[in-house]
Amino acid sequence: MTTEFPRIVHVDEAPPNVRRGGDLRAMLTPATVGATSGFMGLAIIQPGDRIAEHYHPYSEEFVFVVAGDLEVDLDGEPHRLRRDQGLLIPLNVRHRFRNVGSDEARMVFHLGPLAPRPEIGHVDTEETPWPAPPEPAGITS
C-alpha cells in the first residue's frame, strides 16, 4: 500500500485478471493506492468474450462504457450498454457482461463500499473455463 498522494496508476501497471472472462484490471484499490471506500478498474472485453455471472453482497457497482457495445444481464434480464452510457448495479443483483460488437469493449467499474474481506465481496454464480496456458517458447506439439 502507498501513502504517497496523488497516486496515478496506468492500466499497464495493473495485472490482468482473466479468471472470470475478459481482462479485468483492478487499478485503484486498497493495495495499490490505499483506497478505503471502494475500488476502481477497467474491464477490457474482446468481441465474443464475456465476464461470467456474479454478484456483490456488500457493494454497489458503477460501470461506464468507454468503448464498444456490450450486453449486460441483470438478474437474467438482458440490457444493451453502449459507449458513453453508465449503469448502477445494486447489491445482490446477479450480472454478466458480453461484448456483442465487432470491436474491443472497455468499461470502467467502481465498487463501493468495500466488503469486510475481499474474498467475500464477489460471489461467482457460474463457472468460466480457464484459458489454456501458453506453451513455452520453442516447444511445439
Once rounded to the nearest 0.5 Å, what's the spacing between atom CD of E61 and atom CZ of F39?
7.5 Å
Only one of N92, I120, L91 passes side-chain contact (heavy atoms from CB on, under 4.5 Å) with P57, and that residue is N92
Taking R106 for the side chain and V66 for the main chain, is one N or O donor matched with an acceptor at less than 3.5 Å?
no
With a cut-off of 6.0 Å (strictly less than), are more than 12 heavy atoms of other residues, nucleotides or ligands near CD1 of I8?
no
Same hydrophobic cluster for L114 and V108, using side-chain heavy-atom links shorter than 4.5 Å among ILVMFWY?
no
Could you give me the CA-CA distance, side-chain angles and deciding distance for V72 and L70, then say whether side-chain contact (heavy atoms from CB on, under 4.5 Å) is met?
CA-CA 6 Å; V72 59; L70 296 169; over 6 Å; no
Search all heavy atoms of S59 against all heavy atoms of A115 and return the closest pair with its distance.
OG-N, 4.2 Å
Should Q85 and H79 be marked as a side-chain contact (heavy atoms from CB on, under 4.5 Å) after you check the CA-CA gap, both sets of side-chain angles, and the distance that decides it?
CA-CA 12 Å; Q85 289 184 319; H79 301 271; over 6 Å; no
E119: salt bridge (charged side-chain N to carboxylate O under 4.0 Å, His left out) partners, not counting sequence neighbours:
R117
Considering all heavy atoms, the nearest G68-V65 contact
O-CG1, 3.9 Å
Within the side chain of S37, is there an N or O that forms a donor-acceptor pair under 3.5 Å with the backbone of P113?
no
Taking V11 as the starting point, is it possible to reach M107 by hopping between hydrophobic residues whose side chains are less than 4.5 Å apart?
no
For the residue pair P15 and R25, establish whether any side-chain heavy-atom pair is separated by less than 4.5 Å.
no
As an exercise, state the distance from CG of L87 to NE2 of H95, rounded to the nearest 0.5 Å.
8.5 Å
Within the distance-only criterion (no hydrogens, no angle test), does the side chain of H110 pair as donor or acceptor with the backbone N or O of M40 below 3.5 angstrom?
no
Note: P78 and R98 closest approach over all heavy atoms is CB-NH2, 4.5 Å
Atom pair OH/NE2 of Y58 and H122 - distance to nearest 0.5 Å:
14.5 Å
Could you pull out all residues at least two apart from R96 that satisfy salt bridge (charged side-chain N to carboxylate O under 4.0 Å, His left out)?
E53, D73, E126
Kindly say whether I45 contributes a backbone atom to a donor-acceptor pair with the side chain of N99 at under 3.5 angstrom?
yes
Donor-acceptor contact present, side-chain T32 to main-chain M27, <3.5 Å
yes
Shared-cluster residues of V123, by chain and number - hydrophobic side chains joined below 4.5 Å
Y55
Under the criterion side-chain contact (heavy atoms from CB on, under 4.5 Å), I'd like the reasoning laid out for R80 against D69: C-alpha separation, chi angles, the key distance, then a yes or no.
CA-CA 8 Å; R80 205 65 184 250; D69 196 12; 2.6 Å; yes
One should read off an interatomic distance between I44 CD1 and D49 CG, to the nearest 0.5 angstrom, of 11.5 Å
In this structure, CZ of F97 is separated from CG of L24 (nearest 0.5 Å) by 10.0 Å
Would you give the length of the straight line joining atom OG1 of T29 to atom CG of L111, rounded to the nearest 0.5 angstrom?
12.0 Å
Which heavy atom of A14 sits nearest a heavy atom of A26, and at what distance?
CB-O, 3.6 Å
Carboxylate-amine/guanidinium proximity below 4.0 Å for R82 and D84:
no
